[in-house]
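Here is the structure we will look at, set down as structure tokens.
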Amino acid sequence: YMGGKIVGIYFSAHWCPPCKQFTPMLLKAYETIKSENKPFEIVFVSSDKSYNEFQSYFKESMNWFAIPYGIGKNQTLKQKYEVTGIPTLVVVDSKGNLITKTAKKKKKKKKTLR
């Protein structure tokens, strides 16, 4: 885990239209949180079908960490957090304990209320 930080584990892929819509919103929120010096990081977990797809999507859209493509951790994380679709943003505390696996839905609801 990342040195006492809250971590958003972002399950996404370049071929997923909802992911491509959500990623810029997540990036904006991430940059705001980082500018406020809050202890938060995001880790991208790719569902891309090739290394080139992963690399392209990550470089064009993201300003955070990523699980290296093809090391086998992606499926383990999906199972651990019961991820059944993408995009999904799971948030864990500094010890890896689940805070929420519906962060993306909560963001949407919050936006609707405004």
Side-chain angles (χ1 to χ4, degrees):
Y1 299 94
M2 306 187 96
K5 295 181 179 183
I6 292 173
V7 178
I9 306 169
Y10 181 44
F11 298 86
S12 183
H14 93 285
W15 50 263
C16 166
C19 298
K20 289 202 143 196
Q21 289 177 342
F22 181 68
T23 299
M25 291 185 287
L26 182 58
L27 180 60
K28 185 175 179 180
Y30 175 75
E31 289 173 345
T32 299
I33 291 167
K34 295 302 283 183
S35 73
E36 295 169 354
N37 294 314
K38 294 184 178 172
F40 180 74
E41 287 298 340
I42 294 178
V43 177
F44 171 50
V45 180
S46 175
S47 291
D48 287 308
K49 296 175 176 126
S50 73
Y51 176 78
N52 288 341
E53 290 174 354
F54 158 78
Q55 210 42 29
S56 173
Y57 185 43
F58 183 66
K59 283 185 176 180
E60 81 183 29
S61 306
M62 301 174 197
N63 190 21
W64 46 68
F65 297 97
I67 301 289
Y69 184 84
I71 66 166
K73 295 284 185 195
N74 298 14
Q75 196 59 35
T76 302
L77 287 168
K78 284 180 185 177
Q79 289 172 346
K80 179 176 182 170
Y81 296 111
E82 301 172 345
V83 173
T84 58
I86 56 173
T88 295
L89 180 63
V90 173
V91 180
V92 297
D93 68 17
S94 61
K95 295 180 179 155
N97 300 310
L98 183 67
I99 294 173
T100 183
K101 63 181 193 177
T102 58
K104 183 179 97 48
K105 291 177 186 169
K106 288 181 180 180
K107 173 71 174 161
K108 272 187 163 180
K109 286 181 186 174
K110 191 176 187 181
K111 192 173 184 180
T112 304
L113 296 173
R114 289 183 185 172

Any side-chain to backbone donor/acceptor pair from Asn74 onto Ser46? Under 3.5 Å, distance only.
yes
Take Glu41 and Lys34, measure what side chain to side chain contact (heavy atoms under 4.5 Å, CB included) needs, and give me the verdict at the end.
CA-CA 8 Å; Glu41 287 298 340; Lys34 295 302 283 183; 2.5 Å; yes
Are Trp64 and Phe58 packed together at the side-chain level, in the sense that at least one heavy-atom pair is separated by less than 4.5 angstrom?
yes
Closest non-hydrogen atom pair between Tyr30 and Asn63, with its separation
CE2-O, 3.2 Å
Nearest 0.5 Å please: distance from the CG atom of Leu27 over to the OG1 atom of Thr32.
9.5 Å
Any donor-acceptor pair under 3.5 Å linking the side chain of Ser56 with the backbone of Asn52?
no
What are the two closest heavy atoms between His14 and Lys20, and how far apart are they?
O-CE, 3.1 Å
Any chance you could measure Thr84, atom OG1, to Lys78, atom NZ, to the nearest 0.5 Å?
10.5 Å
Kindly indicate whether the side chain of Val92, heavy atoms from C-beta on, has any atom under 4.5 Å from the side chain of Ile9.
yes
Taking the side chain from Tyr69 and the backbone from Lys49, do they hold a donor-acceptor pair closer than 3.5 Å?
yes
For Phe11 and Cys19: C-alpha separation, side-chain torsions, deciding distance, then whether side chain to side chain contact (heavy atoms under 4.5 Å, CB included) applies.
CA-CA 9 Å; Phe11 298 86; Cys19 298; over 6 Å; no
Nearest-0.5 Å distance that lies between atom CG in Leu98 and atom CD in Glu82:
9.0 Å
What are the two closest non-hydrogen atoms of Gly96 and Tyr81, and how far apart are they?
O-OH, 3.5 Å
Least distance between heavy atoms, Cys16 atom then Pro87 atom:
SG-CD, 4.1 Å
Could you tell me whether the side chain of Tyr57 reaches within less than 4.5 Å of the side chain of Thr23, counting heavy atoms only?
yes
Identify the residue among Ile86, Thr76, Leu77 that makes a side chain to side chain contact (heavy atoms under 4.5 Å, CB included) with Val45.
Leu77
Measure from the side-chain N and O atoms of Thr88 to the backbone N and O of Gly85, and report whether any donor-acceptor pair falls under 3.5 Å.
yes
Can you confirm whether Lys73 is buried at NZ, in the sense that more than 12 heavy atoms of other residues, nucleotides or ligands lie under 6.0 Å from that atom?
no
